[in-house]
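Contents: one structure, followed by commentary.
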Amino acid sequence: MLVSALAAASGVPVPTIKYYLREGLLPPGRATGATRAEYGEEHVRRLRLVRALTEVGGLPIARVRQVLACLADTTPLLVALGTAHDALAGPVTTQPPAVGLQAAATLVADAGWRVDPDCTSLTQLGAALAALEGAGLPVDPAALQRYVRAADDVARDEVAAVPGGDAADAVEFAVLGTVLHEPVLLALRRLAQQHHSAVRFGS
């Protein structure tokens with residue numbers, strides 16, 4: 001298909017497709033002339049992924065590039081998934097205090113989770129716990145355990161659905177699932193809070 005058909009199939013405008021091509025987020029099509037190229041279903045699939053990362057996930061182009069690099073990587077599947085999740089988490093702007101990092105490490109260890117001690121999400125958890133403590137709102141340990149159990153249940157089901165074998169397929173599935181499901185989880189939590197507020201405080 002030509003670029004106009006690619007735009008129609010993917011829902012991404014032609015100028016945006018050309019921008020993604022220039023930025024290396026979309027592989028070039030098969031040249032059929034000096035200024036023409038043909039594109040296939042793999043380009044439609046890549047555009048849908050990039051669109052989900054940028055529009056739903058809100059990732060900047062540099063982090064999208066990091067995620068896409070995992071799709072072409074020949075590293076083991078577990079390493080590729082970890083790299084992709086770290087790219088989704090984004091950089092840590094400030095190092096949390098040691099007490100926050102220790103609280104995060106203890107929480108994860110108590111859950112029995114096997115995680116990379118240098119992963120971004122662990123540092124972000126430490127920063128969040130330290131911020132709650134600093135604001136005078138430390139999380140009750142029982143509440144934290146409920147969060148851990150809920151996260152564990154959701155993650156177990158999500159990982160069980162990831163296709164095995166091809167690393168690129170697995171990473172793409174996991175990345176899309178993470179990016180597209182996180183807004184659902186956040187919205188459901190807020191809706192549940194709205195409901196329980198109405199039950200408790202409504203007339």
task = Not counting sequence neighbours, which residues clear side-chain hydrogen bond (donor to acceptor under 3.5 Å, both in side chains) with Glu158? List them please.
result = none
query = Under 3.5 Å, side chain of Arg65 to main-chain N/O of Glu23, donor-acceptor pair present?
reply = yes
key: Closest approach of Leu101 to Pro96 (non-hydrogen atoms, all atoms of both residues)   = CD2-CG, 3.5 Å
inquiry  = As a quick check of understanding, evaluate side chain to side chain contact (heavy atoms under 4.5 Å, CB included) for Leu68 and Leu25, giving each step before the final call.
reply    = CA-CA 7 Å; Leu68 295 179; Leu25 303 181; 3.8 Å; yes
inquiry  = Distance check, rounded to the nearest 0.5 Å: Gln193 atom CD versus Arg190 atom CZ?
reply    = 8.0 Å
message = A quick test of your reading: do over 12 heavy atoms of other residues, nucleotides or ligands sit less than 6.0 Å from CD of Glu41?
response = no
request  = Over all heavy atoms of both residues, which pair between Leu77 and Ala170 is shortest? Give the atoms and the distance, please.
outcome  = CD1-CB, 3.4 Å
ask   = Which residue pairs pass the side-chain hydrogen bond (donor to acceptor under 3.5 Å, both in side chains) test when at least one of the two sits in residues 88-106, sequence neighbours left out?
value = Gln102-Thr106
key: Non-neighbouring partners of Glu38 that pass side-chain hydrogen bond (donor to acceptor under 3.5 Å, both in side chains), sequence neighbours left out   = Arg30
For residues 175-186, which side-chain N or O atoms pair as donor and acceptor with protein atoms under 3.5 Å away, sequence neighbours left out?
unit_1	atom_1	unit_2	atom_2	d
Thr178	OG1	His85	NE2	3.4
Thr178	OG1	Ala174	O	2.8
His181	ND1	Gly177	O	2.8

query = Should side-chain heavy atoms under 4.5 Å link Ile, Leu, Val, Met, Phe, Trp and Tyr, which residues sit in the same cluster as Val92?
reply = none
inquiry  = To the closest 0.5 Å, what do you measure between CG (Leu71) and CG (Leu49)?
reply    = 6.0 Å
message = Using the side-chain hydrogen bond (donor to acceptor under 3.5 Å, both in side chains) criterion, which residues pair with Asp152? Sequence neighbours excluded.
response = Trp113, Arg156
note = In short, Pro28 meets Leu21 closest at the heavy-atom pair CA-CD2, 3.9 Å
task = Return each pair, listed once, that meets ring pair (Phe, Tyr, Trp, His ring centres under 6.0 Å) where at least one residue sits in residues 9-55; pairs must be two or more places apart or across chains.
result = Tyr39-His43
task = List, by chain and then residue number, the residues other than Phe201 in its hydrophobic cluster (Ile/Leu/Val/Met/Phe/Trp/Tyr, side-chain heavy atoms under 4.5 Å); write none if there are no others.
result = none
ask   = Just wondering, more than 12 heavy atoms not from Leu78 lying within 6.0 Å of its CG?
value = no
Closest contact, heavy atoms only, Gln124 versus Ala89 = NE2-O, 2.9 Å
query = Can you check side chain to side chain contact (heavy atoms under 4.5 Å, CB included) on Leu88 and Leu53, steps first, answer last?
reply = CA-CA 9 Å; Leu88 291 178; Leu53 294 173; 3.9 Å; yes
query = Is it true that Val44 and Val3 fall in one hydrophobic cluster, defined by side-chain heavy atoms closer than 4.5 Å?
reply = yes
Please report, to 0.1 Å, the donor-acceptor pairs under 3.5 Å made by any side chain of residues 5-16, with sequence neighbours excluded.
unit_1	atom_1	unit_2	atom_2	d
Ser10	OG	Leu6	O	2.8
Ser10	OG	Val12	N	3.2

key: Atom CD of Gln194: over 12 foreign heavy atoms under 6.0 Å   = no
ask   = Is any NZ, NE, NH1 or NH2 atom of the basic residue among Glu172 and Arg46 found under 4.0 Å from an Asp or Glu carboxylate oxygen of the other?
value = no
key: side-chain hydrogen bond (donor to acceptor under 3.5 Å, both in side chains) against Thr120, all qualifying residues, sequence neighbours excluded   = Asp86
Same apolar cluster: Ile61 and Val56, side chain cutoff 4.5 Å = yes
Side chain to side chain contact (heavy atoms under 4.5 Å, CB included) between Thr54 and Leu59, intermediate numbers included = CA-CA 5 Å; Thr54 55; Leu59 269 65; 5.6 Å; no
Nearest heavy atoms of Cys70 and Val171, plus distance in Å = CB-CG1, 4.0 Å
Which pairs would a plain distance check flag for residues 126-150, meaning a side-chain donor or acceptor within less than 3.5 Å of a matching protein atom at least two apart in sequence or in another chain?
unit_1	atom_1	unit_2	atom_2	d
Asp140	OD2	Ala142	N	3.1
Asp140	OD2	Ala143	N	3.3
Tyr147	OH	Arg189	NH2	3.2

query = In the single-linkage hydrophobic clustering (I, L, V, M, F, W, Y; side-chain heavy atoms under 4.5 Å), do Phe173 and Val67 co-cluster?
reply = no
message = If hydrophobic residues (ILVMFWY) are linked whenever their side-chain heavy atoms come closer than 4.5 Å, directly or via other members, who joins Val159 in its cluster?
response = none
